[in-house]
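As structure tokens, the structure follows; a few thoughts come after it.
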Number of protein chains: 2
Amino acid sequence: MSPEPPAISVTVDVVLLTLRAGRLCVLVIQRDEEPFAHYWALPGGFVGADEDLDDSARRQLAEETGVTTAGHLEQLYSYGAPGRDPRTRVVSVAYLALLPNLPQPEPGRRGQQARWWPVEDLGSPDGPTLAFDHPRIVADGVERARGKLEYTPMAAAFCEEPFTLADLRRVYEAAWGVSLDPPNFRRKVLSTPDFVLPVGAVSSPRGGGRPAQLYRRGSATALYPPLLRRSV
Amino acid sequence: MSPEPPAISVTVDVVLLTLRAGRLCVLVIQRDEEPFAHYWALPGGFVGADEDLDDSARRQLAEETGVTTAGHLEQLYSYGAPGRDPRTRVVSVAYLALLPNLPQPEPGRRGQQARWWPVEDLGSPDGPTLAFDHPRIVADGVERARGKLEYTPMAAAFCEEPFTLADLRRVYEAAWGVSLDPPNFRRKVLSTPDFVLPVGAVSSPRGGGRPAQLYRRGSATALYPPLLRRSV
DNA sequence: GCAAAAGTGTTGACTGTACACCCATGT
DNA sequence: ACATGGGTGTACAGTCAACACTTTTGC
């Protein structure tokens, strides 16, 4: 290593996804400072002097959204283009978090507005304009999530336990914008060892229909064979 | 963001993989400074004050190994555990580079020893001990490469153009440690649009055998359906 | 009873795998 | 001629997608 480390700040930003009313949504916080005051932005902040990156992501989530992250959390990508923050050089390590639907929009700790936004609305005119390069980060996070649904059991992180196979199926349908055949989906999931574990109880159907078996997340880390998105 | 950015250095490390004699190898450089003097380490260094992360990775490769990277280069993961560099707090953005076999071990620009090491030897007693958390970084890079061979046309980055389908097949066989059926492999690759493009010439066989058609890399970015590693 | 949702069975198309066989070259 | 590796054909088995059908609930 050469001996001239330039001054670069390191932050962590979190793309927190959840499912609300059958739509994939991302949590954004309204900024109260320049630059990009009043724009929506991802929760995040500086990494502490003695803080691991993963711990920092968990802390930012807890501080800015009140989420004590039980769900899935993984590192997404690092963004370091020189001009991405107009104030100073910032390298941001983005994280992807997945959680079951939360009761309410989670007010920010420091009083900022926080809300869920359906990911399809982000590019559209009636949607919000995100600060910095956060549109790209969200897009990357959504794409990562959509892709990893195929070959990991990550979809279960969107479901409150215990959940039904219909709940799990709706995760795929919302994330991919497709509809899946319930019988085939059921067979597929149950044939993957430890994807889900039966809990031995049934749900109470809301408004008709046979009660469904309940499941919780299993210990599988990969899906073989994968649940592929496009058949052609 | 809170207003106390701690002092953190940002570096880029590169896991450069290639195929040599049918084995997957990683390029390592012998350190000439403490800490970890005389240990082998990944090529890397500080990110420049106005340098994008990708550009920095390309620069480190060029400076430390003489590689003007034509091959595949992608961001791998970021490592930021507080104690990972004993001198100071360093967050390292690791990159994964894939190149065809290079003629010789590429001496380092600043005179350091550089050499290829088969990835299987890294954990073993006769293999080298890597500095810092580089064993983990290499392991992550190898795992990423092995995984992405399944669903991207990345394998072709290991082949000098023009290449034969046998060359391409040997990439998979070396990376996965399996042997693949040549006829089936051929059909699989050719049935994926734009994975490889025929060049309209044939190779001169070395030591007997029918000449093989030659191909170059196509424009595909994904493989549908994927070329799955384990059939059961 | 009827609608709605869960769950089972079945079939036909497709895909992957194994392997026999032919082709074109070097020695 | 024979060995070697490239390339084609084929047949069996497993998997996937579509959809008919049964089960169990709310109204």
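If you're wondering where the values come from, they're calculated on a predicted model, not measured in any experiment. Order of the sequence lines sets the chain letters (A, B, ...), proteins ahead of strands, with each chain counted from 1.
Remark on DNA chain C: of its neighbouring residues Pro226(B) and Ser204(B), the 5'-side contact belongs to Pro226(B), judged by nearest-heavy-atom nucleotide.
Taking atom CD of Gln213(B) as the reference point, atom P of dC23(C) lies 16 Å away to the nearest angstrom. Between the CG atom of Asn184(B) and the C1' atom of dG7(D) there is a distance of 12 Å, given to the nearest Å. In this structure, Leu180(B) places its CG atom 12 Å from C1' of dG16(C), rounding to the nearest Å. Between the C1' atom of dG5(D) and the CD atom of Glu173(B) lies a distance of 13 Å, rounded to the nearest Å. Spacing between atom CG of Leu214(A) and atom P of dA5(C) amounts to 17 Å, rounded to whole angstrom units. Taking atom OH of Tyr224(A) as the reference point, atom P of dG14(D) lies 21 Å away to the nearest angstrom. Rounded to whole Å, atom P of dG6(D) lies 6 Å from atom CZ of Arg169(B). Between Tyr172(A) atom OH and dA17(D) atom P there is a gap of 13 Å when expressed in whole angstrom units.
Among the nucleotides dC19(D), dT8(D), dG6(D), the one closest to the side chain of Arg186(B) is dT8(D). Of the candidates dC19(D), dA18(C), dG6(D), the closest approach to any side-chain atom of Arg187(B) belongs to dA18(C). Across dG9(C), dA18(D), dG6(D), the shortest atom-to-atom separation from the side chain of Ala212(B) is found for dG6(D).
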Under-3.5 Å N/O pairs linking protein and nucleotides 25-27 of chain D:
residue: dT25(D); atom: O2; partner: Gly209(A); partner atom: N; Å: 2.9
residue: dG26(D); atom: O4'; partner: Gly208(A); partner atom: N; Å: 3.2

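Side-chain atoms of Asp121(A) never come within 3.5 Å of backbone atoms of Pro118(A) as a donor-acceptor pair (strictly under, hydrogens ignored). Between the Thr152(B) side chain and the Lys148(B) main chain, a donor and an acceptor come within less than 3.5 Å of each other.
Counting heavy-atom neighbours within 6.0 Å of Tyr39(B) OH, excluding the residue itself, gives a total of 12 or less.
Side-chain contact check for Tyr95(B) and Asp54(B): at least one donor-acceptor pair (N or O, by modelled atom type) lies under 3.5 Å.
Taking a cutoff of 4.0 Å between a charged side-chain nitrogen and a carboxylate oxygen, Asp133(B) and Arg136(B) do not qualify as a salt bridge.
Between Trp176(B) and Tyr172(B), the angle of the ring planes goes over 60°, which puts this pair in the perpendicular group of the 30/60° scheme.
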Any chance you could lay out the salt bridge (Lys or Arg N to Asp or Glu O under 4.0 Å) test for Glu161(A) and Arg216(A), step after step, and finish with the verdict?
CA-CA 6 Å; Glu161(A) 285 184 322; Arg216(A) 56 190 175 85; 5.8 Å; no
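Among the heavy atoms of the strands lying under 4.0 Å from Pro225(A) are primed sugar atoms or P, OP1, OP2 only; no base atom is included.
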